[in-house]
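What follows is a single structure, written as structure tokens, with notes after it.
Computed from a predicted structure; not experimentally measured. Throughout, protein chains are lettered first and strands after them, A, B, ... in sequence-line order, and every chain is numbered starting at 1.
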Amino acid sequence: MSGSRDLILARVRRALADVPPDDTPYDQAFARPYLREHGHRSVAGTVDLLAENLADYRALVHRCAAGELAATIARLLDERGSTAVSVPTGLDPGWLAATEVAQVPDSAANTPDELDRVDSVVTACAVAIAETGTIVLDGSPDQGRRRITLVPDHHICVVRVPDQVVTSVPQGLERLDPARPLTWISGPSATSDIELDRVEGVHGPRTLEVVLVSGE
Amino acid sequence: MSGGTYLGMPAFPKAAHEAVHNQTLRGNLRHATHTIRAKRAKAVAEVSDWAELREAGKQIKDHTLRHLDRYLVQLEESVTAAGGTVHWAADADEANRIVTYLVKATGESEVVKVKSMATQEIGLNEALEAEGIHAYETDLAELIVQLGKDRPSHILVPAIHRNRGEIRDIFAREMSEWGRPAPEGLTDTPAELADAARLHLREKFLRAKVGVSGANFMVAETGTLVVVESEGNGRMCLTLPETLISVVGIEKIVPTWQDLEVFLQTLPRSSTAERMNPYTSTWTGTTDEDGPQDFHLVLIDNGRTDTLADEVGRQALRCIRCSACLNVCPVYERAGGHAYGSVYPGPIGAILSPQLRGTQSEIDASLPYASSLCGACYDVCPVAIDIPEVLVHLRERVVQGGTVTREGAKVVLKPAKGHAAERAAMRAARWAFSHPGALRTGQRVASRTRRFHPRTLPGPGKAWSETRSLPAVPAEPFRDWWQRTRSGQRPQDGPQGGPQGGPPGGLPGGKDTSK
Ligand code: SF4
């Protein structure tokens with residue numbers, strides 16, 4: 001059903017008939033005079049900026065050392081009152097070693113309705129961007145299918161700092177593989193559709209907790 | 001409504017006049033546009049290299065448009081290699097036929113949709129409905145619009161014309177007809193209203209087999225599509241269904257993955273005034289065991305190549321639909337989105353709709369006049385579209401005719417002089433000029449207009465200025481000029497809404513014009 005392909009391409013070429021031919025290769029066609037990152041800060045300063053911007057968009061930010069991660073996650077699930085947590089297949093099992101909450105492994109066989117009955121999800125991330133307060137998931141085994149971080153109402157995302165933190169959007173894109181399905185998350189889902197009042201949570205998780213874990 | 005024109009749509013000045021008299025709309029619009037405007041300025045001020053990002057965005061888009069044929073072919077190859085199927089639609093009818101066919105092939109009779117201006121432009125929901133397929137809009141605002149049997153009035157906040165009390169009433173009344181009813185005792189707090197929408201729509205997401213989306217960007221090099229959103233309904237539509245159909249205008253391409261680094265910085269700050277919007281999804285074809293296993297990309301022309309053929313007007317195709325130009329526009333603030341008679345309201349609508357659809361109808365002929373040329377839209381545009389320049393160019397087209405491209409063929413338009421279209425255009429001009437408030441807000445009127453008039457009015461355009469007694473070069477703000485040339489009659493004293501004012505009362509949006 002691509003009958004109009006040649007028609008559209010021919011129209012494009014005719015439409016551009018006035019434009020003088022130009023064989024400048026793409027990488028020389030224009031300059032990129034904008035910055036690779038904004039401002040200069042120490043590694044710790046970049047992590048602080050990430051924490052600040054995540055919190056500004058109402059993610060709940062926690063910091064802990066690697067040795068405290070399992071206890072931290074257990075506490076967060078407990079405080080939430082979760083009875084079931086979705087778990088990506090490649091998640092470090094140690095992260096959930098301290099919790100009693102029932103684990104639901106991510107599986108293609110789960111139906112959306114089954115997932116809807118799961119309270120929480122715990123994942124790693126691919127990269128975090130400090131300037132915008134963004135975490136990016138790329139569907140790797142420690143992050144799971146896209147839907148497990150979408151349907152449950154409570155997402156705990158672990159960021160290894162400082163390794164996984166970049167300063168800017170350009171640096172973030174450099175680290176990501178476009179062939180993978182990506183989800184960029186900046187704060188919990190929100191809407192301003194009713195008289196421009198920001199309301200947290202329409203369809204995605206209404207609570208986003210980000211654990212910044214340092215050291216191994 | 002294959003072309004996206006709202007049939008029976010009154011021309012701009014009349015619709016604008018009606019809107020100006022609707023107090024709720026005015027109050028909401030004023031609050032909304034001023035709020036976003038201030039927030040945007042703050043978000044933009046945070047990045048020291050805004051001017052460079054804006055210039056790069058412009059150049060990337062210009063480069064892409066200049067080689068659009070090549071990038072379209074490259075995109076098709078990459079999407080196909082990644083497991084997707086690419087379809088090409090020359091016009092709205094063809095796009096609707098393709099999508100209908102694809103939905104029918106799944107055996108499903110309902111689809112979930114994420115807000116997409118392209119699908120609104122082609123009237124996809126109506127086309128599907130005619131074939132017995134029900135399309136559910138899933139953005140909160142779109143849901144409000146759909147349940148209220150209404151039309152969107154803002155690109156980004158389509159229900160900006162509704163206040164919370166109205167939304168509560170619509171939910172309480174209509175939700176049960178479409179699925180899960182609104183909770184008993186629903187109040188009008190935004191959080192409760194959002195929760196009612198969450199519950200109502202979740203049922204639909206969980207059972208949906210087919211999703212329909214647009215896209216903000218398509219990367220030619222990788223075949224990646226990008227959807228930028230806030231609520232998570234986009235993610236639902238993009239990941240839960242088995243089949244995903246994305247309908248995207250051919251101008252949405254960028255050459256490389258790296259190019260996103262510009263737009264993912266400028267778009268959120270320009271549109272929702274955020275450092276980053278809550279969710280951005282990117283996908284490249286299909287991924288085994290994650291998300292839809294069947295992905296179709298429908299590329300639509302529908303007037304875009306005609307727009308590309310216009311040397312001045314083609315810059316409108318750089319638009320990334322951020323809606324910043326709406327929020328700063330003094331005319332939009334008073335007239336509201338419905339007055340533009342198109343899915344593309346505000347300044348961008350005033351230059352895009354007449355190009356996509358031609359200037360033969362009254363509404364399209366009047367749109368280039370729905371502006372005071374104050375230039376605020378150009379100043380905020382993250383891809384530096386010189387909207388006033390295009391407006392002046394299109395006005396000239398309406399008045400003196402000329403050669404344009406329609407459906408790929410060159411046609412010569414007759415001057416609209418003396419025709420209904422011209423009269424509508426003149427009414428629009430008078431309307432804009434007789435709303436002093438609309439003009440006062442744009443303090444840069446004088447400098448902006450002086451730049452354009454010497455270039456456009458001499459030559460054939462002169463006939464217009466002579467017969468219409470318009471000054472060739474208003475070397476003073478339009479506002480002052482208008483006040484002076486109306487021989488002492490202060491605009492406030494003039495007939496409200498211009499000489500051709502329509503009946504006050506209901507919004508045009510209150511009518512069901514969907515067919
Ligand atoms: S014309 Fe510019 S400011 Fe207006 S919506 Fe398009 S990109 Fe945004």
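The contact between B/Leu53 and chain A is made by backbone and side chain atoms together, counting heavy-atom distances below 4.5 Å. No part of B/Ala82 comes within reach of chain A, as not one of its non-hydrogen atoms sits under 4.5 angstrom from that chain. Proximity to chain B (any heavy atom under 4.5 Å) is shown, for A/Asp106, by neither the backbone nor the side chain. Looking at B/Thr138, only its backbone comes within 4.5 Å of chain A, counting heavy atoms on both sides. For a residue to count as touching a neighbouring chain, one of its non-hydrogen atoms must lie under 4.5 Å from one of that chain's; by this rule A/Ala10 does not touch chain B. Proximity to chain A is absent for every atom of B/Phe263, based on heavy atoms less than 4.5 angstrom apart. Both the backbone and the side chain of A/Leu173 come within less than 4.5 Å of a heavy atom of chain B. With a 4.5 angstrom heavy-atom cutoff, A/Asp23 does not touch chain B via any of its atoms.
Comment: B/Asp195 engages A/Arg206 in a salt bridge, judged by a side-chain N to carboxylate O separation of less than 4.0 angstrom. With salt bridges taken as basic N to acidic carboxylate O contacts below 4.0 Å, one links B/Arg314 and A/Asp18. Under the 4.0 Å criterion applied to side-chain N and carboxylate O atoms, A/Asp56 and B/Arg275 are assigned as salt-bridge partners.
Remark: side-chain polar atoms of B/Thr284 are paired, donor with acceptor, to backbone N or O of A/Pro178 under 3.5 angstrom. Checking side-chain atoms of B/Trp88 against main-chain N and O of A/Asp6 turns up no donor-acceptor pair under 3.5 Å. The backbone N or O of B/Thr239 sits nowhere less than 3.5 Å from a side-chain atom of A/Arg146 that would complete a donor-acceptor pair. Looking only at distances, no side-chain donor or acceptor of B/Arg66 sits under 3.5 Å from a matching main-chain atom of A/Pro21. The main-chain N or O of B/Gly408 is found under 3.5 Å from a side-chain atom of A/Arg14 such that the two form a donor-acceptor pair.
Counting only N and O atoms by type, the side chains of B/Glu274 and A/Ser186 include no donor and acceptor under 3.5 Å apart. There is a side-chain donor-acceptor pair under 3.5 Å between A/Thr149 and B/Arg235. In the model, A/Tyr34 has no side-chain atom that pairs as donor or acceptor with a side-chain atom of B/Glu55 under 3.5 Å.
Your options are B/Met276, B/Glu46, B/Glu407, and the one with the most heavy-atom pairs under 4.5 Å with chain A is B/Met276. With chain A as partner, the option from B/Asp91, B/Leu68, B/Thr85 having the largest number of non-hydrogen pairs under 4.5 angstrom is B/Leu68. Contact tally against chain A (heavy-atom pairs below 4.5 Å) for B/Val47, B/Leu72, B/Leu264, B/Leu240: the top residue is B/Val47. Here B/Val262 is the residue among B/Val262, B/Ile250, B/Leu299 with the most heavy-atom pairs under 4.5 Å with chain A. The residue among B/Leu199, B/Asp290, B/Ile60, B/Asp310 with the most heavy atom pairs within less than 4.5 Å of chain A is B/Asp290. The candidate with the highest count of non-hydrogen atom pairs below 4.5 Å against chain A, out of B/Glu289, B/Arg304, B/Arg207, is B/Glu289.
B/Ser78 meets the side chain to side chain donor-acceptor pair (under 3.5 Å) test with no other residue; sequence neighbours excluded. For the side chain to side chain donor-acceptor pair (under 3.5 Å) test, residues two or more places apart in sequence or in another chain that qualify with A/Thr83 are A/Asp119. Taking B/Asp259 as the reference, A/Tyr26, A/Arg32, B/Thr256 meet the side chain to side chain donor-acceptor pair (under 3.5 Å) condition, with sequence neighbours excluded.
Considering only heavy atoms from C-beta on, A/Trp184 stays 4.5 Å or farther from B/Asn277 through its side chain. For the pair A/Asp113/B/Glu203, no side-chain contact is recorded, criterion being any heavy-atom separation below 4.5 Å from C-beta on. Annotation: side chain of B/Val73 is in contact with side chain of A/Arg5 (closest heavy-atom distance under 4.5 Å).
Each of B/Asp69, B/Thr405, B/Asp301 was evaluated against A/Arg11; a single residue qualifies, B/Asp301, per the side-chain hydrogen bond (donor to acceptor under 3.5 Å, both in side chains) test.
Nearest heavy atom pair, residue A/Ala29 against residue B/His63, reads CB-ND1, 3.4 Å.
Taking non-hydrogen atoms and a 4.5 Å limit, the residue list of residues 122-137 of chain A in contact with chain B, ordered by number, reads A/Glu131, A/Thr132, A/Thr134.
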